[in-house]
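Single-structure report; data block below.
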2 protein chains.
Amino acid sequence: MKVLTKKTDYAIRALLMLAASRESYVSAKIMAVEQDIPYQFLRGVLQEMIRHNLIVSKEGVQGGFKLTMDPDEIRVNQLIEIFQGGVQVSECMFRKQICANRSRCVLRHEIMRIEQVVQNEFEKVTIGGLFRKLELANQLKPALSTSESVPTT
Amino acid sequence: MKVLTKKTDYAIRALLMLAASRESYVSAKIMAVEQDIPYQFLRGVLQEMIRHNLIVSKEGVQGGFKLTMDPDEIRVNQLIEIFQGGVQVSECMFRKQICANRSRCVLRHEIMRIEQVVQNEFEKVTIGGLFRKLELANQLKPALSTSESVPTT
DNA sequence: TTAATTGATACTAATATAGTATCAGTTATA
DNA sequence: TATAACTGATACTATATTAGTATCAATTAA
Ligand code: FES
Ligand code: FES
C-alpha cells in the first residue's frame, strides 16, 4: 500500500521544477515531458495547486506556472492533505460494544498517536529541503533546466 | 486516505476476541456478530491468518479459531504486512533525469526513512497491548464474552 | 493572425477494496 | 447415525479510489 498517490508524487515533482526556476514561468508541457508525467493529468494537479494558492499561472504564449511562496514553506504534509485528504490511520475501529464511549477509548488514542507521528514526519519535509538535497545529489549538474520539448497529447 | 484497510481492521478485532478467550475456540459466526463484521468476509480474513500461522482452527460443531501464540507476539505491523503488503510510502519518485543513480538518491533515503518510522510505530503495537488497554477501558466489564448468536448470511 | 499556452469540465480505464455466494468436508451430540 | 454447527476452498459481484484522456473556450506573445 502506497502512502503517496500519483497526484502527490507529481505535485512534488512539479513543485521541484518550479523551485528550480523561481523567476520564470514553466509550462505544464515542459514539466510533463521532463518528469514524464501524463500532460492532462499534470494540468489537473497544477490547477488544484492554484486553487490552494501554492502556485500562480500565466495564460498564453510563454505562459506557465510559478511558485507563490518560498519553497521552504511548502510542506509535503500539505500536499498530502490536498490530494489525499490527509492520512487517516483508520476510522473508529471498535464501534459496537467494545468502545461504548469513544471519547475515552484508549485504542482510539493509540491510533491517533500514530496518525500524528506520520503527519509530523511529512511536515518536516519541505519542497525547499528536497530541492537542496536534489541539487546535492546531482552535484551541481542542473537536471531541472528547461529544455526543447516534444508534443504530448 | 486510510492506512489500515478493513481486512486489517477486522483481523485486529478478531484477534482481540481470540485473545479474550485463550482456552476455547471461538467461531467465525460469533466474532462476526459481536464485532459486526460481514461473516464471509471475516472467514476469508481468518483463513489468511491460518495460512500465516497466527491462528488455528477446529472444524465441525463447537469448532472455531484459537491463537497459536501469545497475543504480545502479534504485532499490528505483521497484520499490515499480510493484508496490505506493507506500507510503502511511494515508489521511486524521480526516475528519469533527476535520479540517475538510485542508490545514492537522497530523496529516496528521505522517503525510506519515513517508511521506517511508520513501520516502527506499528511494530510497537501488539494485540496483547491493545487487549490490555481495552480491558482497562472497559473497567473489567467483559465486552468480549461469547454470547447467544443470531444467524448471519 | 496564429500558435502556445491555461481554464474548465466531462469522460473512461485500471486497480484496489469490500463484500457475497456456494458447495464440499468435518465433528459433536441428540 | 443423522443432523446441524462448523471450517476449507474458491469463484464471483459491487463499490470506491486512483489514474489517465479528451475537448473546447479563452488568453497572449510574437
Ligand atoms: S476505536 Fe473507536 S471508540 Fe474505540
Ligand atoms: S526518488 Fe527514485 S532514485 Fe531518487
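Residue numbering restarts at 1 for every chain, and letters A, B, ... go by the order of the sequence lines.
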Gap between atoms CZ and P, on A:Phe41 and D:dT18 respectively (whole Å): 10 Å
Report, one line per pair, each donor and acceptor closer than 3.5 Å where one atom sits in a side chain of residues 67-74 of chain B; sequence neighbours left out.
| unit_1 | atom_1 | unit_2 | atom_2 | d |
| --- | --- | --- | --- | --- |
| B:Thr68 | OG1 | B:Asn53 | O | 2.7 |
| B:Thr68 | OG1 | B:Leu54 | O | 3.0 |
| B:Asp70 | OD1 | B:Asp72 | N | 2.8 |
| B:Asp72 | OD1 | B:Arg132 | NH1 | 3.1 |
| B:Asp72 | OD1 | B:Arg132 | NH2 | 3.1 |
| B:Asp72 | OD2 | B:Arg132 | NH1 | 3.4 |

Side-chain heavy-atom pair B:Gln116, B:Arg113 within 4.5 angstrom cut-off: no
Under 4.0 angstrom between A:Tyr25 side-chain N/O and C:dA4 OP1 or OP2: no
Contact check, side chains of A:Phe122 and A:Leu79, non-hydrogen atoms, under 4.5 Å: no
Output one line per pair: protein atom, nucleotide atom from nucleotides 8-12 of chain D, and distance, for all N/O pairs under 3.5 Å.
| unit_1 | atom_1 | unit_2 | atom_2 | d |
| --- | --- | --- | --- | --- |
| D:dG8 | OP1 | B:Ser57 | OG | 2.5 |
| D:dG8 | N7 | B:Arg43 | NH1 | 3.2 |
| D:dG8 | N7 | B:Arg43 | NH2 | 3.4 |
| D:dG8 | O6 | B:Arg43 | NH2 | 2.9 |
| D:dA9 | N6 | B:Arg43 | NH2 | 3.3 |

B:Ser27 side chain near B:Phe65 side chain, heavy-atom distance below 4.5 Å: no
5′-ward residue of the pair A:Gly60/A:Leu42 relative to DNA chain D: A:Leu42
Any donor-acceptor N/O pair, A:Arg13 side chain to A:Gln35 backbone, under 3.5 Å: yes
Nucleotide nearest A:Val61 when distance is taken to its side chain, options C:dA4, C:dT5, C:dA18: C:dA4
Proximity to the side chain of B:Ser27 - top-ranked nucleotide from D:dG20, D:dT7, C:dA28: D:dT7
A:Lys29, nearest nucleotide to its side chain (from D:dA19, C:dT5, D:dT21): C:dT5
Nonpolar side-chain network containing A:Val117, other nodes, edges under 4.5 Å: B:Val117
